[in-house]
Engineer: 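What follows is a single structure, and I will ask about it in a moment.
Excluded from the calculations below are hydrogen atoms, water molecules and symmetry mates; all remaining heavy atoms, backbone and side chain alike, are included.
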Amino acid sequence: MTVIAEISVSADGIVAGPDTGPEHRLGKGGDLLHQWLFEGTEAEGEIAAKLFEGTGAFVVGRTMFDVGIDVWGDDGTFKKPVFVVTNRPHDPVVKGPTTFTFVTEGIESALRQAKAAAGADNVVVMGGGTTLRQFLSAGLVDELRLHVVPLLFGHGVRLFDGPAGEHVRLERTAVSETPNATHLTFRVLR
């Protein structure tokens, strides 16, 4: 089992545009970060499919859940157990084969539950940026996959905005270029 952190990011490190809110769920222009995923080429479709191959469970933050639940469709998109890290208790939400379980005991608890649900398969940690950063900072990630979109926001929600002095060493293991993004895979060194 591998714990994989996966996210789309602009060339200047933004994972959501400025002014996030009900009108702009991913911030102004934030949808551009995910065009490769939904409107991309066949090669990008194959990369997107790898997100689900060998994955037994997902972990997301509460903001990602709140932003995505209305657009993920009747099947909940993931079709696997999803553990939502939050400080606001909530009953489980079931959308077809996807069950969203809300975890208020922190990231370690969410990961334990996801690993138990995944069995021998991988666990994928997704957005938002805060959730992904927490997992990386805690040393809980084995592999980091960044989908770098050729776009500069200038400001918005930064992925790697954290306290000074934190270093996470990475070893690049794969690079794939497609028309709408450069897809980087790193092994997290411990």
Engineer: Would a distance-only check, ignoring hydrogens and angles, find a side-chain to backbone donor-acceptor pair under 3.5 Å from Glu44 to Asn180?
Structural biologist: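 Indeed, once roles are kept as given, a pair shorter than 3.5 Å links the two residues.
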Engineer: Please name the pair of heavy atoms, one in Phe153 and one in Pro18, separated by the smallest distance, quoted to 0.1 Å.
Structural biologist: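 Result for this residue pair: CD2-CD, 4.1 Å.
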Engineer: Looking only at side chains, do Gln134 and Thr130 share a donor and an acceptor under 3.5 Å apart?
Structural biologist: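 There is no such pair between these side chains.
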Engineer: Determine whether His34 and Leu26 make a side-chain contact, defined as any pair of heavy atoms from C-beta on separated by less than 4.5 Å.
Structural biologist: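 Heavy-atom side-chain distance check passes, below 4.5 Å.
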Engineer: Find out whether Ile47 and Thr178 are in side-chain contact, i.e. whether some heavy atom of one side chain is under 4.5 Å from a heavy atom of the other.
Structural biologist: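 Counting from C-beta outward, Ile47 and Thr178 do come under 4.5 Å.
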Engineer: Start with the C-alpha distance between Thr182 and Val175, add both sets of side-chain angles, then the distance that settles side chain to side chain contact (heavy atoms under 4.5 Å, CB included), and finish with yes or no.
Structural biologist: CA-CA 7 Å; Thr182 300; Val175 177; 4.1 Å; yes
Engineer: Side-chain heavy atoms nearer than 4.5 Å, only ILVMFWY residues, links allowed to pass through others: does that put Leu111 and Phe78 together?
Structural biologist: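 Cluster IDs for Leu111 and Phe78 differ.
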Engineer: Given the rule in the side chain to side chain contact (heavy atoms under 4.5 Å, CB included) test, do Leu170 and Val188 qualify, once you have shown the distances and angles that lead to the verdict?
Structural biologist: CA-CA 5 Å; Leu170 306 171; Val188 178; 3.9 Å; yes
Engineer: Which residue pairs satisfy the ring pair (Phe, Tyr, Trp, His ring centres under 6.0 Å) criterion with at least one member in residues 101-126, sequence neighbours excluded?
Structural biologist: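 Output for this query lists Phe65-Phe102, His90-Phe102.
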Engineer: Do Val125 and Val84 belong to the same hydrophobic cluster, where Ile, Leu, Val, Met, Phe, Trp and Tyr are linked whenever their side-chain heavy atoms lie under 4.5 Å apart, directly or via other members?
Structural biologist: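 In one cluster with Val125: Val84, no.
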Engineer: Taking salt bridge (Lys or Arg N to Asp or Glu O under 4.0 Å) as the definition, give me every residue that meets it alongside Asp142, ordered by chain and number, with sequence neighbours left out.
Structural biologist: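 Only Arg190 meet the salt bridge (Lys or Arg N to Asp or Glu O under 4.0 Å) criterion with Asp142.
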Engineer: Should Val103 and Val82 be regarded as members of a common hydrophobic cluster, given that ILVMFWY residues are connected when their side-chain heavy atoms come within less than 4.5 Å of each other, either directly or indirectly?
Structural biologist: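 Not linked; separate clusters.
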Engineer: With sequence neighbours excluded, tell me which residues meet salt bridge (Lys or Arg N to Asp or Glu O under 4.0 Å) with Asp31.
Structural biologist: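 Salt bridge (Lys or Arg N to Asp or Glu O under 4.0 Å) check on Asp31 returns nothing, list empty.
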Engineer: Restricting to salt bridge (Lys or Arg N to Asp or Glu O under 4.0 Å), what partner residues turn up for Arg112, sequence neighbours left out?
Structural biologist: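 For Arg112, no residue satisfies salt bridge (Lys or Arg N to Asp or Glu O under 4.0 Å) once neighbours in sequence are set aside.
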Engineer: If the condition is salt bridge (Lys or Arg N to Asp or Glu O under 4.0 Å), which residues does Arg169 pass it with, not counting sequence neighbours?
Structural biologist: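 None.
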Engineer: Mind listing the closest non-hydrogen atom pair of Pro89 and Asn87 along with its distance?
Structural biologist: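 For Pro89 versus Asn87, the nearest heavy atoms are CD-O, 3.6 Å.
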Engineer: What's the spacing between Glu46 CD and Thr41 OG1 if we round to 0.5 Å?
Structural biologist: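 The CD atom of Glu46 sits 8.5 Å away from the OG1 atom of Thr41.
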Engineer: Nearest 0.5 Å, what's the OG1-CZ distance between Thr98 and Phe100?
Structural biologist: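 Thr98 OG1 to Phe100 CZ: 5.5 Å, rounded to 0.5 Å.
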Engineer: According to salt bridge (Lys or Arg N to Asp or Glu O under 4.0 Å), does anything in residues 85-106 pair up with another residue at least two apart or in another chain? List the pairs.
Structural biologist: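 Output for this query lists Asp66-Arg88.
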Engineer: Side chain to side chain contact (heavy atoms under 4.5 Å, CB included) with Thr86: which of Thr104, Thr63, Val60?
Structural biologist: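 Of the listed options, the one satisfying the test is Thr104.
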Engineer: Give the other cluster members for Val94, using side-chain heavy-atom distances under 4.5 Å between Ile, Leu, Val, Met, Phe, Trp and Tyr residues; answer none if it is isolated.
Structural biologist: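 So far as hydrophobic clustering goes, Val94 is joined with none.
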Engineer: Determine whether Leu184 and Leu136 fall in the same hydrophobic cluster, where Ile, Leu, Val, Met, Phe, Trp and Tyr are linked whenever their side-chain heavy atoms lie under 4.5 Å apart.
Structural biologist: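 Linked within one cluster.
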Engineer: At what distance, to the nearest 0.5 angstrom, does NZ of Lys50 lie from OG1 of Thr185?
Structural biologist: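 Separation between the atoms: 8.0 Å.
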Engineer: Going only through I, L, V, M, F, W and Y residues with side-chain contacts under 4.5 Å, is there a path from Ile107 to Val15?
Structural biologist: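 Yes; tracing contacts between hydrophobic side chains, which count when under 4.5 Å, links both residues.
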Engineer: Which donor-acceptor pairs under 3.5 Å do side chains of residues 1-10 form with protein atoms, sequence neighbours excluded?
Structural biologist:
unit_1: Glu6; atom_1: OE1; unit_2: Arg145; atom_2: NH1; d: 3.2
unit_1: Glu6; atom_1: OE2; unit_2: His147; atom_2: NE2; d: 2.7
unit_1: Ser8; atom_1: OG; unit_2: Trp36; atom_2: NE1; d: 2.9
unit_1: Ser10; atom_1: OG; unit_2: Asp12; atom_2: N; d: 3.4
unit_1: Ser10; atom_1: OG; unit_2: Asp12; atom_2: OD1; d: 2.4
unit_1: Ser10; atom_1: OG; unit_2: Gly13; atom_2: N; d: 3.4
unit_1: Ser10; atom_1: OG; unit_2: Ile14; atom_2: N; d: 2.9

Engineer: Look only at the side chain of Arg133 and the backbone of Leu159, and say whether a donor-acceptor pair between them is shorter than 3.5 Å.
Structural biologist: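 Indeed, once roles are kept as given, a pair shorter than 3.5 Å links the two residues.
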Engineer: Output side-chain donor-acceptor pairs under 3.5 Å for residues 51-59, partner residues at least two apart or in another chain, one line each.
Structural biologist:
unit_1: Thr55; atom_1: OG1; unit_2: Leu51; atom_2: O; d: 2.8

Engineer: Just jot down the side chain to side chain donor-acceptor pair (under 3.5 Å) partners of Thr173, sequence neighbours excluded, or say none.
Structural biologist: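 With sequence neighbours excluded, Thr173 shows a side chain to side chain donor-acceptor pair (under 3.5 Å) to no residue whatsoever.
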Engineer: List for me each residue that meets side chain to side chain donor-acceptor pair (under 3.5 Å) alongside Asn122, sequence neighbours excluded, and say none if there are none.
Structural biologist: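 Listed in chain order: nothing, the list is empty.
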Engineer: Out of curiosity, Arg187 CZ to Arg172 CZ, how far, rounded to the nearest 0.5 Å?
Structural biologist: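 These two atoms lie 13.5 Å from each other.
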Engineer: Hey, could you give me each pair passing salt bridge (Lys or Arg N to Asp or Glu O under 4.0 Å) that has a residue in residues 72-86? Not counting sequence neighbours.
Structural biologist: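 For residues 72-86: Asp75-Lys79.
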Engineer: Would you find more than 12 non-hydrogen atoms of other residues, nucleotides or ligands less than 6.0 Å from Glu42 atom CD?
Structural biologist: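 Check fails, neighbour count at 12 or below.
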